[in-house]
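Computed over heavy atoms, backbone and side chain alike; hydrogens, waters and symmetry mates excluded. Since this is a predicted model, take the numbers as computed values, not measurements.
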Protein chains: 2
Amino acid sequence: MSYLSIQGNVDPRARSSYPFLRAPVRHANTTLRFEREQVICLPPDAAQVFKIISGWVRLVQDLADGRRQIVSFHGKGDFVWCMRNASVSICAEAIEETLLICADGISKEEMHQAALQQMVEAQKHVLLLSQRSSDERVASFLLDMQRRMGSSRIFSLPMSRADFAAFVGMKIETISRCLSSLQQRGLIRLHGLRGVEIPARAALERLLQ
Amino acid sequence: MSYLSIQGNVDPRARSSYPFLRAPVRHANTTLRFEREQVICLPPDAAQVFKIISGWVRLVQDLADGRRQIVSFHGKGDFVWCMRNASVSICAEAIEETLLICADGISKEEMHQAALQQMVEAQKHVLLLSQRSSDERVASFLLDMQRRMGSSRIFSLPMSRADFAAFVGMKIETISRCLSSLQQRGLIRLHGLRGVEIPARAALERLLQ
DNA sequence: CGGTCCGTTGATAGAATTCAACGGTTGTGG
DNA sequence: CCACAACCGTTGAATTCTATCAACGGACCG
């Protein structure tokens, strides 16, 4: 396995077994495949909007000092676009093997709807970050992910603890403590590193009032 | 002074000297005046979008348990719209005497631009809340307000400490401590309850790296 | 002039982070 | 296939940060 040689600040992912600069695999005219940990760069001729066919994607904002904020996670059916601006620069990255289609032909109406939805999500996130305790944030995230994974009692988180933590604005140790605490209280059950079982959704929801 | 009589949870503002249910004053066809602490309800026939001519407005999300999150502040020239949805309900309120025009005739392009800007602001807010210490949040807010007030060295905050706190996700005591600390370090100077002086903007910005 | 509201400050309690150690899993190369 | 290394996640102890509770002074309003 050969590594990319990079000057200056070396992105930790560049040292992992997944060199992060690599071209996506083109399957059909508009279908692209990205692998785990790959930064999603669309062909320059495509509109910078895409729709996820399968897999999971994170939107990431890197800070000067190395911390990173995860803005949102997106799965099957979601529309995603890169927001770049003088003051914010947010990148999309695949967190597992992901298929997507470049969405040049999306209707204005559909786009508008998606933008509004993202706005609502952003507001909910602000509320989560500023008003919730660590237990509540973790519970809220698990409930949200369960819903998005199809509401089955047992599901598998698509992201690592580090991504989990970077999204809810906590440290991974605190995430771990909260998960253990919720498990001890019988509100969840953990299966391996990614598996989560929610025996009674109502009980967990009661945490959030 | 007669008070409104309200059953159940009494809004604290209902007990203040500004009863909060009241019609705005109509100046011209489309120009409305709202007073301090007044909830901004637009006439039902108007588009629920407006532009601020003068004054300051806060967007507020009230929680079931009485806490409130301030989503954003808006001043002269800003476009504002109320976002209502199954999962979020955000209201606009004047924090001082405010003139605005209902903006039925705003171009699509202008609206789109404003929406994008709000999206960017929301992301910056998420970053502030999840990655910044209390000192950094206060410094960041002061710098932002200074810029919006015209970048003069001395300016007057349009909002109370309570609103300040509800925006940056802290308690008013902590806000007060941070302001005192920044003043002792020579990074700011306080003038009365609302006045703020930033002797050297660069020094304060250094706090944020 | 007196009361209420707003902001500041101090002492204490509580929550989350930091630092450190450890076990388990995964991937790599022999 | 096995051994080893790197990474990921969990747990404990100590520290740091913020909230809470309480008291107080000043501004504003009637």
Minimum side-chain heavy-atom gap F34(A)-L99(A) below 4.5 Å: no

Whole-Å distance, L190(A) CG to dT25(C) C1', equals 16 Å

Regarding S181(A) and R177(A), do their side chains bring together a donor and an acceptor under 3.5 Å, going by distance alone? no

For R201(B) and Q146(B), does a side-chain donor sit closer than 3.5 Å to a side-chain acceptor? yes

Nearest-nucleotide pick for S133(A), side chain only, options being dC21(D), dG7(C), dA16(C): dA16(C)

Please report, rounded to the nearest Å, how far the P atom of dC6(C) is from the CG atom of L179(B). 17 Å

Spell out yes or no: do the side chain of R177(A) and the base of dG12(D) have one donor N/O and one acceptor N/O closer than 3.5 Å? yes

Between Q61(B) and Q69(B): side-chain donor-acceptor atoms closer than 3.5 Å: no

F167(A) ring center near H125(A) ring center (under 6.0 Å): yes

Separation of dT10(D) atom P from E173(A) atom CD, nearest Å, is 11 Å

Roughly, in whole Å, what's the span from CG in D135(B) to P in dC17(D)? 9 Å

Counting any heavy atom closer than 4.0 Å, what does T174(A) reach on the DNA or RNA strands: base, sugar-phosphate only, or nothing? base

Terminal helix-axis angle for the helix from dC1(C)-dG30(D) to dG30(C)-dC1(D), with five pairs defining each axis and rounding to 10 degrees: 40°

Quick one: do the Q117(A) and Q113(A) side chains pair a donor with an acceptor below 3.5 Å? no

Looking at S180(A), does any N or O in its side chain come under 4.0 Å of the phosphate oxygens OP1/OP2 on dT11(D)? yes

Nearest whole Å is fine: how far is dT10(D) P from L193(A) CG? 7 Å

Could you tell me whether R36(A) and E97(A) make a salt bridge, using a distance below 4.0 angstrom between a side-chain N and a carboxylate O? no

K171(A), nearest nucleotide to its side chain (from dT25(C), dT20(D), dT18(C)): dT18(C)

Out of dT18(D), dA22(D), dT17(C), which has the shortest distance to the side chain of S134(B)? dT18(D)

